[in-house]
Amino acid sequence: LGLDVSAEMIAVARSRSSPGCRFELGDACRLPAGNGTYRVVAAMTTLEFVRDPVAALAAMVRNTAPRGTLLVGTLNRLAPLNRERIAQGRQPYASGHLLSPHELRLLLHPYGRVRITGADVRSLAADTRMPTAASKDSHRPSGRSAAPFLVAAVCPIPWRTGA
């Protein structure tokens, strides 16, 4: 299931869909599925643009099955490329609330074990191997802090199962 608030983006997704995929209009803060429905819940460039990222994350975790995985991709506020785009007022960077690796970890930590890696789309296009995580966040343009895109995997704590 693919979900977006933009009818135009849903139309594009439907035109390129794969068999078995379904695309619907919807709000990340009010996901339509029931509790524990999906083994994997993925949100790519979502948290930086929703009005309430905490509510969106709670809905995503609620829809993640026990022992499932939540994947979150977000634009990295500390990356030189994104800082430059924000300073220039380029959209959608200027209107979003981009997160640093540390801020992303703090946002996700209440929901379970978090692993974050940085990705540079240009390097991924040339190299299909997964990028490696940097050892520590910093304000210097190196490692994960320099990567324009962050990917976090969260193994959620069962949300109300009593486990």
Could you tell me which non-hydrogen atom of [X] sits nearest to which non-hydrogen atom of [Y], and how far apart they are?
{"X": "Cys29", "Y": "Ala56", "value": "SG-N, 3.8 Å"}
{"X": "Leu108", "Y": "Ala152", "value": "CD1-CB, 3.4 Å"}
{"X": "Ala28", "Y": "Ala59", "value": "O-CB, 3.5 Å"}
{"X": "Thr64", "Y": "Met60", "value": "OG1-O, 2.8 Å"}
{"X": "Ser6", "Y": "Leu25", "value": "C-CD2, 3.6 Å"}
{"X": "Ala147", "Y": "Ala79", "value": "O-CB, 3.4 Å"}

Short question: side chain of [X], backbone of [Y] - any donor-acceptor pair under 3.5 Å?
{"X": "Arg22", "Y": "Leu3", "result": "no"}
{"X": "Arg62", "Y": "Asn35", "result": "no"}
{"X": "Thr46", "Y": "Met44", "result": "yes"}

### Query
What residue among Arg85, Glu84, Arg83 forms side chain to side chain donor-acceptor pair (under 3.5 Å) with Tyr93?
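Answer to the side chain to side chain donor-acceptor pair (under 3.5 Å) test with Tyr93 among Arg85, Glu84, Arg83: Arg85.
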How many angstroms lie between atom [atom1] of [X] and atom [atom2] of [Y], to the nearest 0.5 angstrom?
{"X": "Arg14", "Y": "Met9", "atom1": "CZ", "atom2": "CE", "answer": "12.5 Å"}
{"X": "Leu104", "Y": "His109", "atom1": "CG", "atom2": "NE2", "answer": "13.0 Å"}
{"X": "Tyr111", "Y": "Leu57", "atom1": "OH", "atom2": "CG", "answer": "5.5 Å"}
{"X": "Ile116", "Y": "Ser100", "atom1": "CD1", "atom2": "OG", "answer": "8.5 Å"}
{"X": "Ser95", "Y": "Ile86", "atom1": "OG", "atom2": "CD1", "answer": "10.0 Å"}

### Task
Report yes if some heavy atom in the side chain of Leu107 is under 4.5 Å from a heavy atom in the side chain of Val54; otherwise report no.
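Yes, side chains in contact.
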### Task
Using a 4.5 Å cut-off on heavy atoms from C-beta on, say whether the side chain of Val5 contacts that of Phe49.
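Side chain of Phe49 against side chain of Val5, heavy atoms only: no contact under 4.5 Å found.
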### Query
Same hydrophobic cluster for Leu98 and Val50, using side-chain heavy-atom links shorter than 4.5 Å among ILVMFWY?
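Each belongs to a different hydrophobic cluster.
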### Query
So among Asn82, Leu150, Leu81, which one has a side-chain contact (heavy atoms from CB on, under 4.5 Å) with Leu75?
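Among Asn82, Leu150, Leu81, the one meeting side-chain contact (heavy atoms from CB on, under 4.5 Å) with Leu75 is Asn82.
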### Pair listing, salt bridge (Lys or Arg N to Asp or Glu O under 4.0 Å) test, anchored in residues 42-51, at least two apart
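Pairs touching residues 42-51 that pass the test: Asp27-Arg51.
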